[in-house]
Amino acid sequence: MDSKAQYDPKAIEPKWIKKWAETGIYKTPEDATHENKYYILPQLPYPSGSGLHVGHTEIYVGCDILARFKRMKGEKVLQVMGWDAFGLPAENYAVKTNIHPRINTDKAIENYKSQLVKIGASYDWDREVGSHNPDYYKWTQWFFLLMYNQGLAYRKNQKVNWCPSCKTVLANEQVVDKDGQEVCERCDTPVEHKMMEQWYLKITEYADRLAKDLDKVDWPKETVKRQRDWIGRSEGAQIRFEIVDSDKTLKVFTTRPDTIFGATYMVLAPEHELVKQITTEEQKGEVEKYVEDAKKKTEIERTDMTKSKSGVFTGAYAINPATEKNIPIWIADYVLTDYGTGAIMAVPAHDQRDMDFAKKYKLEIKEVVIPIFGKERKDEEFRKTISAVVQRESDGKVLAVNWKKNNWVSPVIGGIDDEEDLLAAAEREVLEETGYKCKAVKTLGGEIESHFFADHKNVYRHRLNQPVLLELLEDEPIDVNEDEKDIQDAVWMSPEEFLKKCSHEENIIGLRRYLYGAETFSGYGRVVNSGQFDGLKSEEAKEAVVKWLEEKGIGEAKVTYKLRDWSVSRQRFWGAPIPMVYDPEGNLHPVDEKDLPVVLPDDVDFKPTGQSPLTYSKSFQEGVEEKYGKGWRREVDTLDTFMCSSWYYYRYLDPKNDKQFASPEALKKWMPVDFYLGGPEHVNGHLLYSRFFTKVLYDAGYIDFDEPFKVHRHQGLILGEDGRKMSKRWGNVINPTDVVESHGADTLRMYEMFMGPLSDDKPWSTKGVLGIKRFLGKVWGLKDKVGEEKPETTQQVEINKLIKKVGQDLETLSFNTAIAKMMEFVNYAQNVEQLDQKVWEKFLLVLAPFAPFITEELWQELGNETSIHLEKWPVYDENMAKDKMVTIAVQVNGKLRDNLEMPAESEQSEVEIEAKKSEKIGKYLAGKAIIRVIYVKDRLINYVVGE
RNA sequence: GCCGGGAUGGUGGAAUUGGUAGACACGCUGGACUUAAAAUCCAGUGGGAGUUAAAUCCCGUGCGGGUUCAAGUCCCGCUCCCGGCACCA
């Protein structure tokens, strides 16, 4: 304890790195069982030539702190590092430099590894894996064969996303939107579409389970939602429509079978197989032209929603099975080929897209669902009403009434008398209520149902209201009856003002219909104009219609997904070869499992040509003929690297196993992953694929769980000091190794955690780092204060509070607040005369997961011979972790007026006695009546006073 | 357009889930040490009024309303920022 040397991380950190490696303290514990294990998984990195920056290390530091904490809590931790080593950047670099990608990749891995070692990450390096090594990709290929044998891998000629720069196919998940353009996520090149025969994995077969099982996982809720939306499950019905004068039927999918009576036309996607067959002679020319044009359009042009919809009539008609009417069949590119059946029944009244189209091409719009406002009650009184839309020509203002009692604005609304004509009722009501003489012109759309309490009549109402358009006949009103005058005034206001001021939404629908024409109502409501289904609510009608369809044998309930099958073949070199061979007739055969791995050859010209480079590898193809016979050849595409990373967390469990991807014992012991930390950008890619792989393994009987990641969290981005994303382009990249050089690994670790909540994006601050450096300097200085045990209670209270708080914060990953508390403790400890040695030891233990180097050094200085990282997390005494005295806020009418120091757990009466003694409080209470006193134990007392 | 998430001092961020807003840190100001600087240490630091100094008071969590003894936190209506999806029938 005599060393007065300054805190110098450079003098201590390399020493401990060496020692820890020698003693192997971070090896995976041999005595782990399924019950006491804790599998912590930092998302594996792609080793790029530029090395790690501090944004990458956040994830490793976060996981490492947690791993160290869990070890101290007695859990048997598995924490391993691996490399997602195949992929385009390395290959592109190889093309540029003409150096084999393996060489640069291995170099990058060495660099990453040394960076990670320097920050003190406690991995079991004996289990390190790299996806580019044959003993790894052998099993990636094995997974492919497993899928193939389960019927989950297949070839299909389909429109694919093609990156002209990377010269390869991309999965849907690898195409990102940038300023309204679909671009390659790697290189930002706009994606092209072309037809190609490709390998696909049938992830859609698992869509339902992938969606449903999201209920089982503890993931951020927005992540769950995003994945669920991506899978895009929707329930509905498949319905077959007969085509007039044809033996063909037209299959459609709809989520709203309850609107079938409103289906007034049908639409096929231009690519639909029936287009040619049903188009009439007269329409042929137009249709063919439209189909040709659609082919030429890019995906972006087709899906540009700001553009008006286009389409052509085929000349053919289908029969709406509900109305039994003939309805025209159109072709339009607003219907997507690859969703549902590529054809729809159009219900313009209840679907915005169909409405836009119907208005443009003057197709029939038939309302079959009316909106319902408010909640039904048993004791309500039913009434049919009209509401009046009257616009005066002179200034364009519309007629409204102002309800005096509640200052409400509404149109004229009035009941229809028995036997009375609707339009006549409208004319009468306007005249009675406002004195204006009008002539009813027509109804505006269908009725609107509402349920409400009619204030002026004191009853609950069930109202069915029909908006009616009227024409003003005379500018001057006649006198209205006195009773009406008391209730309301007639006022004229601009339509805009009316729409804004009108008190209830259901009452502006009439005017909106008048101003903007028919409007879509796409919500659920009450079914009307639908024969036997009239009066049902949408939810009920959906069921009833499906049942009716099933009885008639023309439809059934059906679930559809947005998720597409996963395209996994890539026309590039640096990936796992697809383990398939073709016989001379071109038939596919899987490579025998015993012949795995299909090794990636070295004699390859990896310049991308659009053809897979493996096509030109002599050794790759020669081997095949030797093995299978003349004319046989290998599949030359390689696998999407996401296949490699979909199962890496299984390989960590048993990385040297050459018989299985992992042994059943290892799988049983370690899985599922207890804590997975990774970026939010992988939600609809990697995370989904990994879940898919796991479910396939489960179905094949290899594992007994079907979700790989129990708990998943995201780290946020660390931005450059300029607030921009760290990138070479901006020159704002901070290299962790530089920070370690100048301030030490402990400082880097703690600063990254202190910046803010783990999942937030936050900018780096070079100055901010110094705060942590100072803190560690103070910790270093504290050792000179340490003396023999000193039974001073404050120190005991402080350390117990600290152990409790830091322990809690670590469980919730609130690293930033845990560090703040440690700073408070150190600030406090600096002012004590002598620091109790036991308190000091406990403090070092609490700090150890965050700052493994300095704590190890100080621990050894205390004369300990074994590592602090093998110690147990200190236990705190709940009693000691409580303050003996608390500050109680005294408020008068909610405003803070004084503070009282009181013993903890004081009763209200005791606090009141002290409060009343306060002059400040007396000032505010003098001459006032105390109406109420609110007391919150150990927090505040609030006097509510009146005059 | 739709769906998420967010907005708190000069800055990063705290706030026991309705109970003293601004913990902790950065920065800044002043001081100590020094020939000087760096480093370190001490004090101050939301805004305003007030005073020699204090005491003291008022205002303050994107904006406008509301509920409550009490609102950063709950409710209603906006604005802006970030992320995702985007004709999914």
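Scope of the values below: all heavy atoms of this structure, side chains included, with no hydrogens, waters or symmetry mates. Sequence lines set the chain letters: A, B, ... in the order given, protein chains first and strands last, and positions in each chain run from 1.
Between A/Met822 and A/Leu802 the shortest side-chain heavy-atom distance falls below 4.5 Å.
The nearest whole Å value for the distance from the CD atom in A/Glu721 to the P atom in B/C26 is 15 Å. Atom CG of A/Leu758 is separated from atom C1' of B/G12 by 15 Å (rounded to the nearest Å). One atom, OH of A/Tyr828, and another, C1' of B/A23, lie 18 Å apart when rounded to the nearest Å. Taking atom CG of residue A/Asp229 and atom C1' of nucleotide B/G83, one finds them 13 Å apart after rounding to whole Å. Straight-line distance from the CG atom of A/Asp938 to the P atom of B/U20: 13 Å, rounded to whole Å. Put simply, CG on A/Leu896 is 19 Å from P on B/C69, counting in whole angstrom units.
For B/U51 and B/G62, the C1' atoms lie 35 Å apart once the distance is rounded to whole Å. One P atom belongs to B/C87, the other to B/G13, and the distance between them is 35 Å to the nearest Å. For the P atom pair drawn from B/C74 and B/G18, the interatomic distance equals 8 Å after rounding to whole Å. Taking atom P on both B/A70 and B/A32, the two are 50 Å apart, rounded to the nearest angstrom. Taking the P atoms as reference points, B/C59 lies 33 Å from B/G5, given to the whole Å.
With both pairing distances under 3.5 Å, B/C2 is matched to B/G84 as a Watson-Crick or G-U wobble pair. Both distances falling under 3.5 Å, in either a Watson-Crick or a G-U wobble arrangement, place B/U40 opposite B/A32. A 3.5 Å limit on both hydrogen-bonding distances identifies B/U45 as the Watson-Crick or G-U partner of B/G27. The partner of B/U52 is absent, by the rule that a Watson-Crick or G-U pair needs both atom distances under 3.5 Å. When both distances must be under 3.5 Å, the Watson-Crick or G-U wobble mate of B/A7 is B/U79. B/U68 is unpaired under the criterion used here, namely a Watson-Crick or G-U wobble arrangement in which both key atom distances are under 3.5 Å.
Cation-pi check for A/Lys778 over A/Trp780 is not met; the charged atom does not lie both under 6.0 angstrom from the ring centroid and within 45 degrees of its normal. Annotation: cation-pi pair A/Lys309/A/Phe357 absent, no NZ/CZ under 6.0 Å from the ring centroid and within 45° of its normal. The side-chain tip of A/Arg233 does not point at the ring of A/Tyr561 from less than 6.0 angstrom away and within 45° of straight on.
Minimum atom distance to the side chain of A/Met823 is reached by B/C24, of the listed B/C24, B/C85, B/A14. With B/C26, B/G84, B/G19 as the choices, the nucleotide that has an atom nearest any side-chain atom of A/Lys767 turns out to be B/C26. In the set B/C24, B/A70, B/G84, B/C24 carries the atom at the smallest distance from any side-chain atom of A/Glu824.
Considering only side-chain N and O atoms, A/Lys225 lies nowhere under 4.0 angstrom from the phosphate OP1 or OP2 of B/G84. For B/A89, neither phosphate oxygen OP1 nor OP2 lies less than 4.0 angstrom from any side-chain nitrogen or oxygen of A/Lys562. The side chain of A/Ser234 contributes an N or O atom lying less than 4.0 Å from OP1 or OP2 of B/A89. The shortest distance between the side-chain N/O atoms of A/Lys895 and the OP1/OP2 oxygens of B/C59 is below 4.0 Å. Within the structure, every side-chain polar atom (N or O) of A/Asn816 is placed at least 4.0 Å from both OP1 and OP2 of B/C24. Under 4.0 angstrom from either OP1 or OP2 of B/A15 there lies no side-chain N or O belonging to A/Arg939. Proximity of A/Tyr334 to the phosphate of B/A86: no side-chain N or O atom is located under 4.0 Å from OP1 or OP2. Of the side-chain N and O atoms in A/Asn827, one or more sit less than 4.0 angstrom from OP1 or OP2 of B/A25. Listed pair A/Arg932 / B/C69 meets the phosphate criterion, a side-chain N or O lying under 4.0 Å from OP1 or OP2.
A/Gln891 comes within 4.0 angstrom of a nucleotide base, judged by non-hydrogen atoms across all strands. Within the 4.0 angstrom heavy-atom criterion, no nucleotide atom of any strand lies near A/Asp356. Residue contacts shown for A/Pro680 are absent, as no nucleic acid heavy atom lies under 4.0 Å away. Within the nucleic acid shown, A/Tyr924 comes within 4.0 Å of sugar-phosphate atoms alone, with no base atom in reach, counting heavy atoms only. Contact annotation for A/Asn684: no contact, since no heavy-atom pair falls under 4.0 Å across all strands. As judged by a 4.0 angstrom heavy-atom cut-off over every strand, A/Arg228 is placed among residues making no nucleic acid contact. Using a 4.0 Å heavy-atom cutoff across all strands shown, A/Lys773 reaches no nucleic acid atom at all. Here A/Val335 lies in heavy-atom contact (under 4.0 Å) with a base. Residue-level contact check: A/Lys309 touches the bases, meaning some heavy atom is under 4.0 Å from a base atom.
Contact check on A/Lys159 versus A/Glu271 returns no salt bridge, with no Lys/Arg side-chain nitrogen under 4.0 Å from an Asp/Glu carboxylate oxygen. Checked for salt-bridge contact, A/Lys821 and A/Glu798 miss the test: no charged N lies under 4.0 Å from a carboxylate O.
Between A/Arg256 and A/Arg774, the residue whose closest nucleotide on RNA chain B is further toward the 5' end is A/Arg774. Ranked by how close their nearest RNA chain B nucleotide is to the 5' end, A/Asp760 and A/Lys821 are led by A/Asp760.
Within a 6.0 Å radius of NZ in A/Lys785, more than 12 heavy atoms belonging to other residues, nucleotides or ligands are found. Atom NZ of A/Lys360 sits in a crowded spot, with more than 12 heavy atoms from other residues, nucleotides or ligands closer than 6.0 Å.
B/G9: glycosidic angle within 90° of 0, hence syn. Glycosidic conformation of B/U17 is syn; the angle stays within 90° of 0.
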